[in-house]
There are 2 protein chains.
Amino acid sequence: MATPATPFRRRVRAPGRLSAARRNARRLDSHLAEKVDVRELSHLEQLVTTSEPDRHPNEWQVATAYLGLVPSDLDPGLPSDTSWHPADNLPETAFDHGAIISAGRERLRAKLSYTNIGFALAPHAFSISELRDLYTAGLEHEVSATNLQRVLLRRELLEATGELRASGPSGGRPAALYRFRSRMLSITDQFAVLRPPGQHG
Amino acid sequence: MATPATPFRRRVRAPGRLSAARRNARRLDSHLAEKVDVRELSHLEQLVTTSEPDRHPNEWQVATAYLGLVPSDLDPGLPSDTSWHPADNLPETAFDHGAIISAGRERLRAKLSYTNIGFALAPHAFSISELRDLYTAGLEHEVSATNLQRVLLRRELLEATGELRASGPSGGRPAALYRFRSRMLSITDQFAVLRPPGQHG
DNA sequence: GCAAAAGTGTTCTGGCTACACCCATGG
DNA sequence: CCATGGGTGTAGCCAGAACACTTTTGC
């Protein structure tokens, strides 16, 4: 996937500003909300905290990075000084921001395997191939819709809604729609791993 | 394993004090060192940062928890107001400390599967059954020395030193000694998982 | 009919677990 | 010689990957 319109994106630093994902450590709910409406985030978890004693002349500053996920059918508005960037086409980043972004992607990648975190990326109802695209982007490797469907059904993470999506202008069988059984993050399969193609397993 | 003398332990709060693992966020090297000599830690990684705006009347306090590992053949000295506790027989913990400790154990458990982090728990040279005890404690489930040996050799994490450990007073074949090939933490097998017994796979 | 997209049936794989068996030492 | 602890050989298992094939739509 060459990430044309990667379905998940991550807040990064806009020129001259800290993004919402990197505010000074203060009360989370009141300050992340300055940039993105936290209520639109389907998942939020802490990544790392860095202290940068040199930045400010009189006091140590502590910055905490968060990973926030947004369902693919939402596009939260941002203030004009902040913007979205596809995760694999980021502008230059300063300091350790590159490492933090890697950590975020890595965290998502891992949790896609053994938790139901997909619910945080997906709309309430979706076809398997739509979900496949989300997993492909999150896992950073190709995923087969065929197998994804069976893995997630076997694990009982998904259930069919009974609805069908009308087929597109070029035809094709209408897709059955599914939803996540639960929208609470939980470790559903402690030891499960989704491997990239070519890594037989 | 009912944890008789669990070979890994974790700093926890002693009455009326924060342990070294939970100091206020300041420069790490200078403040963890107040309690434990950081140079004795074979591994140190950040867990979570919590801000507790209510604790101090005039300022927000930010506390960062770390997971530090010590090789099983060392026993770092502590100040008299601090002490070691076996991880599954802890004194009462306050606030979110219980969750933080779980997070630490969980982190170790996960990394034992897909990294070479065992080097941080083990002495420089060890027998497989000694290592097995460390893995058993860290993974929190029984581990077969037989299979552990082969898994870690196949992954090329271990190498034989060529030395033998003299057999004990009750006899038994002398154990071959091994060492970790590398003592730098690295993700050696991204998709590997060590499962508990009874979870065929 | 034919292309496109979705879905099903089935086989294959490989890393890990399980288990039977062999080796070296002490007393 | 036998108990004890260490080590090897090999079979079994199963989640998930691979792939062939069937179903449903648009034109």
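The sequence lines fix the lettering, A, B, ..., with proteins before strands; numbering per chain opens at 1.
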Would the base of [N] count as contacting [X] through its side chain, where contact means a donor and an acceptor less than 3.5 Å apart?
| X | N | answer |
| --- | --- | --- |
| B:R150 | D:dT10 | yes |
| A:D189 | D:dA15 | no |
| B:R195 | C:dT17 | no |

Handout entry: Close side-chain approach of B:S113 and B:L194, heavy atoms under 4.5 Å
Key = yes
Practice task
Determine whether A:I117 and A:F180 make a side-chain contact, defined as any pair of heavy atoms from C-beta on separated by less than 4.5 Å.
Solution key: no
Interatomic distance where [atom1] belongs to [X] and [atom2] belongs to [N] [whole Å]:
| X | N | atom1 | atom2 | value |
| --- | --- | --- | --- | --- |
| B:N147 | D:dC13 | CG | C1' | 13 Å |
| B:L153 | C:dC16 | CG | P | 13 Å |
| A:R173 | C:dC2 | CZ | P | 21 Å |
| B:F191 | D:dA17 | CZ | P | 10 Å |
| A:L152 | D:dA17 | CG | P | 10 Å |
| B:R132 | C:dA18 | CZ | P | 14 Å |
| B:Q149 | C:dG15 | CD | P | 17 Å |
| B:L112 | C:dC16 | CG | P | 14 Å |

May I ask you to decide whether [X] forms a salt bridge with [Y], counting only side-chain N to carboxylate O separations under 4.0 Å?
| X | Y | answer |
| --- | --- | --- |
| B:E159 | B:R179 | yes |
| B:E140 | B:R105 | yes |
| A:R181 | A:E156 | no |

Practice task
Among D:dC19, C:dA5, D:dG16, find the nucleotide with the atom closest to the side chain of A:S170.
Solution key: C:dA5
Handout entry: Nearest-nucleotide pick for B:P174, side chain only, options being D:dG7, C:dA24, D:dT24
Key =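 Between D:dG7, C:dA24, D:dT24, the one nearest the side chain of B:P174 would be C:dA24.
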Exercise for the section: Compare side-chain N and O positions of A:R154 against OP1 and OP2 of D:dA15 and report whether any pair is under 4.0 Å apart. Expected result: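 For D:dA15, OP1 or OP2 has a side-chain N or O of A:R154 closer than 4.0 Å.
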Problem - Main-chain N/O of A:T49 paired with A:T64 side-chain donor or acceptor, under 3.5 Å - result: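 No: the side chain of A:T64 does not pair with the backbone of A:T49.
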Over all strands shown, is [X] touching base, sugar-phosphate only, or nothing at heavy-atom distances under 4.0 angstrom?
| X | result |
| --- | --- |
| B:A176 | sugar-phosphate |
| B:S129 | sugar-phosphate |
| A:A192 | sugar-phosphate |
| B:R155 | sugar-phosphate |

Problem - B:Y178 or A:L164, whichever maps to the more 5' nucleotide of DNA chain D - result: B:Y178
Handout entry: Toward the 5' end of DNA chain C, by each residue's nearest nucleotide, B:L194 or B:P169
Key = B:L194
Problem - 5' precedence on DNA chain C between B:V193 and B:S167 (nearest-nucleotide basis) - result: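 Result: B:V193.
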